[in-house]
K.L.:
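The structure's right below; bear with me while I get my questions together.
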Amino acid sequence: CPALPRTKFADVTAETYPVGTRLHYECDNGYRRRGGQKPGIQCQSTQQVASWVYREFECIDDKILLSTAPRTKLNVTQKPERKTQSPAPQKQENLSEFDRKDFCGPPKTIPHASLILAKQYYVGQVLHFKCQSGYDKRFPTSGNRTCKKVNGKIIWTPLDMRCTNDS
């Protein structure tokens, strides 16, 4: 997809990500990545099911020595959640059979880390925009953009929202 046009004063999220998407985690202020660990994850299709492939990653408090920091391990591959395994299944459970092989659901949350959206997107990606607090004076205050192929050209659909504080 072409570069995503910048939307001032808006936060961007997604509920599904096409196979091939790469994202990375960034430790929050006051925390740092444990040495030798990689922050990247990738949506891959294995045996007709799309899932995130994780590496071991954790953010530790700057004040704690590495030798005493608690460890949080991630599974190498996130399996699709089943309703019987979790009282609060991820939205991926609601994806159709087609979507489960071509799109990953939301990635896992990691304590003291934020997920950074990719700068490269694929056809079919839907991004959700919402005005940041204090910048929602005009309706609508949220909207979507989709990367589509139209007449042989790959485009982002228009975003029918504008975030402003009227100053």
K.L.:
Would you say that I60 contacts R32 through its side chain, given a criterion of any heavy-atom pair below 4.5 Å between the two side chains?
P.N.:
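Yes, side chains in contact.
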K.L.:
Which of these, L127, T146, I154, sits in a side chain to side chain contact (heavy atoms under 4.5 Å, CB included) with Y121?
P.N.:
L127
K.L.:
Any side-chain heavy atom of V19 sitting closer than 4.5 Å to one from F103?
P.N.:
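Side-chain contact under 4.5 Å: no.
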K.L.:
Please verify the inter-ring angle class for Y31 with H112; under 30° counts as parallel, over 60° as perpendicular, anything in between as tilted.
P.N.:
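The rings of Y31 and H112 lie parallel, inter-plane angle below 30°.
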K.L.:
Within this structure, what is the NE2-CZ distance for the pair H24 and R33, rounded to the nearest 0.5 Å?
P.N.:
9.5 Å
K.L.:
For K148 and T157: C-alpha separation, side-chain torsions, deciding distance, then whether side chain to side chain contact (heavy atoms under 4.5 Å, CB included) applies.
P.N.:
CA-CA 7 Å; K148 289 185 171 183; T157 58; 3.8 Å; yes
K.L.:
Side chains of D28 and S114: donor-acceptor distance under 3.5 Å anywhere?
P.N.:
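A donor-acceptor contact under 3.5 Å links the two side chains.
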K.L.:
Side chains of L23 and T21, heavy atoms from C-beta outward: is any pair under 4.5 Å?
P.N.:
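The answer is yes, as the side chains (C-beta and beyond) meet within the 4.5 Å cut-off.
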K.L.:
Can you name the nearest heavy-atom pair linking Y122 to G20, along with the distance?
P.N.:
OH-O, 3.2 Å
K.L.:
Begin from the C-alpha positions of R55 and Q37 and carry the test side chain to side chain contact (heavy atoms under 4.5 Å, CB included) through to its verdict.
P.N.:
CA-CA 8 Å; R55 297 183 180 125; Q37 295 182 347; over 6 Å; no
K.L.:
Transitively linked via ILVMFWY side-chain contacts under 4.5 Å: M161 with L4?
P.N.:
yes
K.L.:
At their closest point, which heavy atom of C104 faces which heavy atom of W52, and how far apart are they?
P.N.:
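Residues C104 and W52, closest heavy atoms: CB-NE1, 3.4 Å.
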K.L.:
With no hydrogens and no angle check, do the side chains of N144 and H128 hold a donor and an acceptor under 3.5 Å apart?
P.N.:
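Their side chains do contain a donor-acceptor pair, which is all the 3.5 Å distance test asks for.
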K.L.:
Identify the two heavy atoms, one from C59 and one from P111, that lie closest to each other, and give their separation to 0.1 Å.
P.N.:
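Answer, listing the atom of C59 first, then P111: CB-O, 3.9 Å.
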K.L.:
When you measure from the side chain of W156 to the backbone of P2, do you find a donor-acceptor pair of N or O atoms at a distance under 3.5 Å?
P.N.:
yes
K.L.:
What are the two closest heavy atoms between P107 and Y17, and how far apart are they?
P.N.:
CD-CE1, 3.8 Å
K.L.:
Please tell me if the side chains of V126 and R145 come closer than 4.5 Å, counting only heavy atoms from C-beta onward.
P.N.:
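No; the side chains remain at least 4.5 Å from each other.
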K.L.:
Side-chain heavy atoms nearer than 4.5 Å, only ILVMFWY residues, links allowed to pass through others: does that put V12 and I41 together?
P.N.:
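Shared cluster, yes.
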K.L.:
Can you tell if the side chain of C1 reaches within under 4.5 Å of the side chain of Q125, non-hydrogen atoms only?
P.N.:
no
K.L.:
Is it the case that K108 places NZ or CZ above or below the six-membered ring of Y54, under 6.0 angstrom from the centre and within 45 degrees of the axis?
P.N.:
yes
K.L.:
Does the plane of the ring in F57 sit parallel, tilted or perpendicular to the ring in Y25? Use 30° and 60° as the thresholds.
P.N.:
parallel
